[in-house]
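Below: one structure, written as structure tokens.
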Amino acid sequence: MNATVTYECPNCSAGLVFDAEKQKFSCEFCLSEFDKAELDATGAQERAEKTARDSEEFCGHMLEYHCPNCGAEITADESTAADHCYYCHNPVVLTGKLSGALRPSKIIPFAYDKKAAKEKFLAYAKKKIFAPTDFFSDENAEKITGVYYPFWVTDADTTGRLDTVAHRIRSWSAGDKRYTETSDYRVSRAGNIHFEDIVTCALSEADKHMLEGVLPYPSDSLQDFDMPYLLGYIAKKRDIEREALTPEVRERMNSYANTLLRSTITGYSSTEHGKLQVKVNASSWDYTLMPIWLLHYKMKDKVYTFAMNGYTEKIYGEIPVSRGKLAALFGAVGGLAALISFALGVLICL
């Protein structure tokens, strides 16, 4: 297994690329540039080699599993018996040592065990009176699986500036005429903005609604990654690198910065769109595993997903509906309506 060596930007930790035209190493995230001497002085090579060694060691202790039925891929440590697919519950096939994945830098450990997760699931499910009876069963609850999902967590220090034109409109009447005066003002707002815990999914096949449904996780729950946290659980490996997510993260920064700076412009009738500039001064990207208790329930040709935040207990769930229970309800309502109608008819006749 060969580890990949990646040089990180000393300012923001994003990956560097070599610009042949400038003969410099450039960061596409914060736009910093370094020549070879400057890069050597930062110790970038030593850090890159240590990261590669950590990644190789991590991959050497992880196993990959593949479900031949639905195609899902999961990872687990050597001591975890990943014998079924947490999506379709079919047997999975061991495909060998984990490859092509870097060691996470952060993790949020599960805050409660499978027994507690089952109890919370059953308490939640039993409130759904139209769910199929077997959805409440202990047998179904036993299928709950603890899964670590991969995310990128970004912090950044930025400087934002908004230049726009604001309008102040004044109207008055004189005699039988109505006058309107519009005054235009050039307005600028600038300031330092710190972004904390911008969470972005690092898995292309993930159910976005599910992951958004169980977020957020508290910042103080983040821990430095350590292998023992994975004991007894399985994990999804990332397949999206931070370089691919840079435009999305920058767009989120720009959107928030625009809202924040624009909120300081008061006393005007309206403001134009204006020009926004956000410069990233420094940032950090942490590849992070976050805990989710997951249950998939198949009814006919549809799979229903139940997910619970493994730290905060926040629930996302698409609960299946029993047609038999709905039919019974409609029958009871229809019978009651017929009885009331009959009773009213008898009273009218009397």
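For reference, positions follow the sequence shown, starting with 1.
A heavy-atom distance below 4.5 Å is found between the side chains of Y149 and M210. Residues L162 and N258 are in side-chain contact: their nearest non-hydrogen atoms beyond the backbone lie under 4.5 Å apart. The shortest side-chain heavy-atom distance between D239 and L203 falls under the 4.5 Å cut-off. Side chains of Y112 and E313 form a contact here, defined as non-hydrogen atoms less than 4.5 Å apart. Counting only heavy atoms from C-beta outward, the side chains of K279 and R161 never approach each other to under 4.5 Å. The closest side-chain heavy-atom distance from L289 to Y229 is not below 4.5 Å. Looking only at side-chain heavy atoms (C-beta outward), F110 and Y311 stay at 4.5 Å or farther from each other. In this structure the side chain of I144 never reaches within 4.5 angstrom of the side chain of L294, judged on heavy atoms.
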Residues L222, I107; criterion side-chain contact (heavy atoms from CB on, under 4.5 Å); working and verdict
CA-CA 6 Å; L222 284 165; I107 190 170; over 6 Å; no
Between M253 and I198, is the side-chain contact (heavy atoms from CB on, under 4.5 Å) condition met? List the steps.
CA-CA 9 Å; M253 288 182 184; I198 301 176; 3.9 Å; yes
Start with the C-alpha distance between V165 and V187, add both sets of side-chain angles, then the distance that settles side-chain contact (heavy atoms from CB on, under 4.5 Å), and finish with yes or no.
CA-CA 6 Å; V165 175; V187 178; over 6 Å; no
Full working for ring-ring contact (aromatic ring centres under 6.0 Å, His included) between Y148 and Y233:
CA-CA 7 Å; Y148 281 108; Y233 301 98; 5.8 Å; yes
Could you go through S105 and D224, starting from their C-alpha distance and side-chain angles, then the distance that decides it, and tell me whether this counts as side chain to side chain donor-acceptor pair (under 3.5 Å)?
CA-CA 6 Å; S105 56; D224 290 334; over 6 Å; no
Could you go through C9 and F34, starting from their C-alpha distance and side-chain angles, then the distance that decides it, and tell me whether this counts as side-chain contact (heavy atoms from CB on, under 4.5 Å)?
CA-CA 9 Å; C9 172; F34 309 89; 4.0 Å; yes
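The shortest non-hydrogen separation linking Y217 to N309 is CE2-OD1, 3.0 Å. Pairing each heavy atom of S204 with each of I240, the nearest pair is N-CD1, 3.6 Å. Minimum heavy-atom separation, H273 to T164: C-OG1, 4.1 Å. Between E243 and P247 the shortest heavy-atom distance is O-CD, 3.9 Å. When all heavy atoms are compared, the tightest approach of A257 to V278 is CB-CG2, 3.8 Å. Minimum interatomic distance between E33 and E38 (heavy atoms only, all atoms of both residues): O-OE1, 4.0 Å.
Not a single side chain to side chain donor-acceptor pair (under 3.5 Å) links D220 to another residue, sequence neighbours left out.
We find the CD1-NZ distance between I292 and K236 to be 11.5 Å, quoted to the nearest 0.5 Å. Here the CG atom belonging to D286 is positioned 8.0 Å from the OG1 atom belonging to T154, to the nearest 0.5 angstrom. We find the SG-CG distance between C27 and N11 to be 7.5 Å, quoted to the nearest 0.5 Å. A distance of 4.5 Å separates CD of Q277 from NZ of K275, quoted to the nearest 0.5 Å. For the atom pair OH (Y316) and CE (M308), the distance works out to 15.0 Å, reported to the nearest 0.5 Å. Rounded to the nearest 0.5 angstrom, C201 SG and R238 CZ are separated by 12.5 Å.
Using bins of under 30°, 30° to 60° and over 60° for the plane-to-plane angle, the ring pair Y124/F306 lands in the tilted bin. Using cut-offs of 30° and 60° on the angle between ring planes, the pair Y287 and W152 is tilted.
Applying the 6.0 Å contact sphere to NZ of K314 captures more than 12 heavy atoms from other residues, nucleotides or ligands. Counting non-hydrogen atoms of neighbouring residues, nucleotides and ligands closer than 6.0 angstrom, the NE2 atom of H209 reaches no more than 12 such neighbours. Atom OH of Y268 sits in a crowded spot, with more than 12 heavy atoms from other residues, nucleotides or ligands closer than 6.0 Å.
Side-chain atoms of S255 do not come within 3.5 Å of backbone N or O of E251 as any donor-acceptor pair. With hydrogens and angles disregarded, a donor-acceptor distance shorter than 3.5 Å links the side chain of D155 to the backbone of D197.
When each of V147, I108, L211 is paired with M290, the side chain to side chain contact (heavy atoms under 4.5 Å, CB included) condition holds for I108 and for no other.
Salt-bridge annotation for R186 and D163: absent, with no side-chain N of the basic residue lying under 4.0 Å from a carboxylate O of the acidic one.
A donor-acceptor pair shorter than 3.5 Å can be found between the side chains of R178 and S173. In this model, no donor atom of one side chain and acceptor atom of the other lie less than 3.5 Å apart for R170 and T180. Under the 3.5 Å distance criterion, with hydrogens and angles disregarded, no donor-acceptor pair is assigned to the side chains of N192 and T158. Of the N and O atoms on the side chains of S269 and R168, not one donor lies less than 3.5 Å from an acceptor on the other residue.
At a threshold of 4.5 Å between side-chain heavy atoms, the hydrophobic network of Ile, Leu, Val, Met, Phe, Trp and Tyr places L260 and V280 in one connected group. Both Y185 and I265 sit in one connected hydrophobic cluster of ILVMFWY residues. Membership requires side-chain heavy atoms under 4.5 Å apart, directly or through other members.
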